[in-house]
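Letters go in sequence order (proteins before strands), and every chain restarts at 1.
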Protein chains: 2
Amino acid sequence: MPACPEPPGHPPGAAFLLTAVGTHAANRFAERIAGLGLTPPQTGLLRAIAAAPGLSQQAVAQFLGTPPSRLVALVDALADRGLVERRRNPGDRRLHALHVTAEGEALLQRIAQLGQAHDDTICAALDDDQRATLRALLVLIAGEQGLTPGVHPGYRFV
Amino acid sequence: MPACPEPPGHPPGAAFLLTAVGTHAANRFAERIAGLGLTPPQTGLLRAIAAAPGLSQQAVAQFLGTPPSRLVALVDALADRGLVERRRNPGDRRLHALHVTAEGEALLQRIAQLGQAHDDTICAALDDDQRATLRALLVLIAGEQGLTPGVHPGYRFV
DNA sequence: AGAGAACGATTTTGACTTGTAACGATACCT
DNA sequence: AGGTATCGTTACAAGTCAAAATCGTTCTCT
């Protein structure tokens, strides 16, 4: 979905800059993890499972704000690669508890390294103080706007 | 495309915050202009045409980084609503020079108002000084990353 | 205990978006 | 003039996504 330029006001507003730079950063990150054979949604799911292991698919879906039917294919892809396991809950055999395998953990570490490098690249124009300032301002906005920390709102619809 | 959380590092990096907040801002802006019956790509195109009137479709496509075939449907939609005109160039009858109509200009003004309100909403957590600081930092990043001012990089691929 | 409602996961379906490739018209070059 | 390149358009195919139907399991009520 290309091109959502700023309304005519000649000095670009902060919100527009935010979406432009944010989209750029998302694209660059997607390129990086593509080298690992992962898509951004897969990466997000993997991380979500690692953050809260043992949850049912429905619980994860609600947490991420994605329809449960979408999770199936996503989990399938991760499970086929041995990064994630569906464990049948003996108490309630309807639910599939999601867990990250050892392989998945290893990959998460590589993702973390990638994320760090990504961060450095994006913020190359800023010194340490400026980066801290930027982080602080963004945290303020994120909090006020009701964004769940660690969760990335979907590209279309929230 | 939901959920591209941060790699495990517990303090969220600036780049991740950037994509999260940026995506959120893009979604909110999309909601606003939906009230005008416009999609974000349409809005971007309208603004691009207003910024550089008389260009050929191919020139606009290259400027926005979108495939020319995609522009056709986009221009069609705008032309059907009387916001944009295709003018046959008498010198070279292959190209269609794109121009914004008076109606289009009027709508652009409403979009600008919407953009201002949007900006205020997104930055509600920040005072004037903080907003200026944020803008300055983002401009630094955008410049270093080679982003064309006023153009919003596409959601997928640049 | 048994019938039916409720729930979780999955499959199916359809709409939508987007990029690639072929097509026709026009213009440039020799 | 004729061959080639360019512009816009159309046609086609692939991929993404969400809403609805389906299947198995569990809970509840009598």
Side-chain angles (χ1 to χ4, degrees), chain A residues 1-4 23 26-27 30 34 37-45 48-49 54-80 84-99 152-158, chain B residues 1-4 23 26-27 30 34 37-45 48-49 54-80 84-99 152-158:
Chain A
M1 198 192 286
C4 155
T23 303
N27 286 335
L38 287 175
T39 66
Q42 287 172 356
T43 309
L45 175 57
I49 296 175
L55 257 52
S56 73
Q57 293 188 189
Q58 197 141 119
V60 174
Q62 187 172 354
F63 176 68
L64 294 179
T66 195
S69 63
R70 190 155 147 52
L71 263 185
V72 177
L74 241 40
V75 173
D76 279 351
L78 260 45
D80 285 351
V84 162
E85 268 183 356
R86 279 188 247 241
R87 294 195 199 149
R88 207 98 205 190
N89 184 332
D92 185 340
R93 298 221 312 275
R94 284 175 307 181
L95 325 92
H96 285 170
L98 297 176
H99 293 269
H152 177 115
Y155 277 77
R156 32 189 106 234
F157 311 107
V158 185
Chain B
M1 198 191 286
C4 155
T23 302
N27 286 334
L38 287 175
T39 66
Q42 287 172 355
T43 308
L45 175 58
I49 296 175
L55 258 52
S56 73
Q57 293 187 190
Q58 195 139 123
V60 174
Q62 188 172 354
F63 176 68
L64 293 179
T66 194
S69 63
R70 189 154 147 52
L71 262 186
V72 178
L74 240 40
V75 173
D76 280 350
L78 260 42
D80 286 351
V84 162
E85 267 183 356
R86 278 189 247 241
R87 291 194 202 151
R88 207 98 206 189
N89 185 331
D92 185 341
R93 298 224 309 276
R94 283 175 305 181
L95 354 87
H96 287 171
L98 298 177
H99 292 269
H152 177 115
Y155 277 77
R156 33 188 105 234
F157 309 107
V158 186

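Relative to the side chain of A:Arg86, the nucleotides D:dT9, C:dT10, C:dC7 differ in distance, and C:dT10 lies closest. Listed nucleotides D:dA18, C:dT26, D:dT25 differ in distance to A:Arg93; the shortest reach to its side chain belongs to D:dT25. The side chain of A:Ser56 approaches C:dG8 more closely than any other nucleotide in the set C:dG8, D:dG8, C:dT10. For A:Arg70, taking side-chain heavy atoms from C-beta onward, the closest of the listed nucleotides C:dG19, D:dC17, C:dA9 is D:dC17.
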Could you walk me through whether A:Leu98 and A:Arg86 satisfy the side-chain contact (heavy atoms from CB on, under 4.5 Å) test, starting with their C-alpha distance in whole Å, then the side-chain angles of each, then the deciding distance to 0.1 Å, before giving a yes or no? CA-CA 5 Å; A:Leu98 297 176; A:Arg86 279 188 247 241; 3.8 Å; yes
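Atom CD in B:Gln42 sits roughly 15 Å away from atom C1' in C:dT18 (whole-Å rounding). In this structure, NE2 of A:His96 is placed 11 Å from P of D:dT26, rounded to the nearest angstrom. Whole-Å rounding puts the B:Leu55 CG to D:dC7 P distance at 12 Å. Rounding to whole angstrom units, CD of residue B:Gln62 and P of D:dT6 are separated by 12 Å. One atom, CG of B:Leu95, and another, P of D:dG8, lie 6 Å apart when rounded to the nearest Å. Straight-line distance from the CD atom of A:Gln58 to the P atom of C:dA6: 15 Å, rounded to whole Å. One can place CG of A:Leu45 at 15 Å from C1' of C:dA9, the figure rounded to the nearest angstrom. Taking atom CZ of A:Arg88 as the reference point, atom P of C:dA9 lies 9 Å away to the nearest angstrom.
The side-chain heavy atoms of A:Leu74 and A:Leu78, taken from C-beta on, include no pair separated by under 4.5 Å.
Summarising the geometry, atom OG1 belonging to B:Thr43 is positioned 4.5 Å from atom CG belonging to B:Leu38; distances are rounded to the nearest 0.5 Å.
Side-chain atoms of B:Arg94 and base atoms of D:dT6 include a donor and an acceptor less than 3.5 Å apart. At a cut-off of 3.5 angstrom, the base of C:dT12 holds no donor-acceptor pair with the side chain of A:Ser69.
Nearer the 5' end of DNA chain D, as judged by each residue's closest nucleotide, is the contact made by B:Asp92, out of A:Thr39 and B:Asp92.
Closest approach of B:Ala30 and B:Pro40 over heavy atoms only: CB-CG, 3.8 Å.
At a cut-off of 3.5 Å, with distance as the only test, no side-chain donor of B:His96 or B:Arg87 sits close to an acceptor on the other residue.
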